[in-house]
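Per chain, numbering begins at 1; letters A, B, ... match sequence-line order.
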Amino acid sequence: MDQRIILHVDFDYFYAQCEEVRKPDLKTKPVVVCMFSDRGGDSGAVATANYTAREFGVKSGLSIQFAKQKLKDRDDTAFLPADFEYYSELSEKYMNIIKKFADIFEYVGRDEAYLDISEKSERSFTKAGHIGQQIKNEIREKTKLTCSVGISPNKLLSKIASDYKKPDGLTTITPDDVSEFMKKLEIRDIPGIGIKTEQKLAEEHIQTINETRNLDVFTLINMFGRKTGTYIHNAIRGIDDEPVTVRAPTLQLSKITTLKEDSIDYTFLERNMLELCEKLHSAVLKENKMFRAVGIHLIQNDLSTKTRSRMLKNPTLNLDEIKKTSTQLLKDALVEQTIPIRRIGVKVSELSDLEGQSNITSYF
DNA sequence: GACTAGTGTCGAC
DNA sequence: TTACGGTCGACACTAGTC
């Protein structure tokens with residue numbers, strides 16, 4: 001097979017950079033973009049923080065309270081509520097700048113994308129490097145933002161590469177570099193290997209990529225299942241065949257909220273659930289989808305989760321169907337419930353496009 | 001066995 | 001020392017059906 005050249009672009013601390021765009025004087029201050037929960041006060045988590053805030057140990061995922069603690073000596077810190085609509089708007093604009101450099105463009109999230117540039121780079125890593133630099137330059141000129149770019153023979157390595165030097169980095173891994181490059185990595189640098197996988201390996205006294213290499217694929221499959229085991233076996237060797245493809249249509253939509261207070265009271269939970277159903281239904285209409293499954297998600301106050309779901313007879317976009325099914329699932333789930341619920345959510349899945357359907361109906 | 005439905009877990013952003 | 005969001009996709013595992 002011909003050499004592929006894949007490029008991964010990742011905007012640095014994207015949400016915080018977006019805030020700096022509309023308020024440039026933030027640039028000299030610590031900026032923490034927060035997702036406040038409905039519980040009020042400082043309940044919630046950090047979405048992202050700029051590098052000034054990171055110097056104080058603040059990073060995404062931390063509780064807002066903890067972040068405030070760490071930044072208590074910087075009274076100029078901006079703790080801003082996340083404005084996802086605004087970030088999405090900018091993201092769309094910025095992605096359009098990048099798109100034209102790609103043979104195939106894959107949008108991954110507001111702040112990242114994969115580009116297959118095999119043809120455009122004429123399969124030369126030198127030329128690919130020039131393209132990477134061009135992308136960074138154009139983004140900087142047109143948006144004042146910095147991004148980090150990774151270039152390699154596959155998606156996995158390009159993602160690792162874009163993360164390797166941040167912010168404002170450009171890292172290329174040629175096929176000849178792969179083996180040396182992998183040696184420098186920690187297990188957790190591999191996308192898809194998180195805390196649980198790391199712990200499970202540690203239980204077997206496996207702490208490094210090199211030690212993991214000593215496990216044969218059957219052992220890994222035994223530990224993690226067929227797909228995950230095979231994935232890990234390949235990933236630690238820098239092997240990945242996933243093609244860059246245009247983003248697949250959404251498979252599920254959901255709404256979740258943190259309750260004002262922990263509860264096991266059906267009436268209270270139902271009231272919150274019905275509100276979520278309304279919001280979810282709006283999202284379904286906006287996306288022009290029909291659904292054929294409804295599910296609920298309960299997070300108990302020890303952070304353990306309970307989910308219930310049900311397939312419907314036919315695809316529908318009826319709000320009452322969501323309400324009826326989710327409240328019934330809630331009722332069933334609460335039988336013998338002793339642990340109070342902290343967060344509650346509702347989801348629709350098995351989505352299908354309404355567009356084709358409505359065309360057919362209007363045809364008759 | 002292949003397939004579907006349902007529950008729970010993990011990981012990424 | 002703790003503190004803890006919302007959304008989505010992938011997959012493991014189990015049970016039931018044909």
**Asked** What is the distance, rounded to the nearest whole Å, between atom NZ of Lys306(A) and atom P of dT7(B)?
**Response** 11 Å
**Phosphate-side-chain proximity, Arg292(A) and dA5(B), N/O vs OP1/OP2 below 4.0 Å** = yes
**Prompt:** What integer distance in Å separates Glu350(A):CD from dG6(B):P?
**Reply:** 9 Å
**Request:** State, yes or no, whether a side-chain contact exists between Arg343(A) and Leu259(A) at a heavy-atom distance under 4.5 Å.
**Result:** no
**Request:** For Arg110(A) and dA12(B), give me the distance from atom CZ to atom C1', rounded to whole Å.
**Result:** 13 Å
**Prompt:** Does the separation of the ring centres of Tyr15(A) and Phe84(A) fall below 6.0 angstrom?
**Reply:** yes
**Prompt:** Between Gln252(A) and dG9(C), does any side-chain N or O lie under 4.0 Å from OP1 or OP2?
**Reply:** yes
**Prompt:** Any side-chain heavy-atom pair from Glu19(A) and Tyr87(A) closer than 4.5 angstrom?
**Reply:** yes
**Message:** Would you compute the distance between atom NZ of Lys68(A) and atom OG of Ser63(A) and round it to the nearest 0.5 angstrom?
**Reply:** 11.0 Å
**Prompt:** Quick one: is dG11(B) close enough that its OP1 or OP2 comes under 4.0 Å of any side-chain N or O from Thr197(A)?
**Reply:** yes
**Complete:** Looking only at dA12(C), dG6(B), dA10(C), the nucleotide nearest the Thr228(A) side chain is dA12(C)
**Prompt:** If only side-chain N and O atoms of Ser43(A) are considered, is one of them under 4.0 Å from the OP1 or OP2 phosphate oxygen of dG5(C)?
**Reply:** yes
**Asked** Among dA12(C), dA3(C), dT7(B), which is the nearest nucleotide to the side chain of Arg308(A)?
**Response** dT7(B)
**Message:** If I take atom CD1 in residue Ile296(A) and atom P in nucleotide dA5(B), what distance separates them, rounded to the nearest angstrom?
**Reply:** 19 Å
**Message:** Taking 4.0 Å as the cut-off, does a side-chain nitrogen or oxygen of Thr257(A) come that near to OP1 or OP2 on dG5(C)?
**Reply:** no
**Message:** Heavy atoms from C-beta onward define the side chain here; which of dG6(B), dA3(C), dA10(C) lies closest to that of Leu251(A)?
**Reply:** dA10(C)
**Prompt:** Does dC4(C) have OP1 or OP2 sitting under 4.0 Å from an N or O in the side chain of Arg343(A)?
**Reply:** no
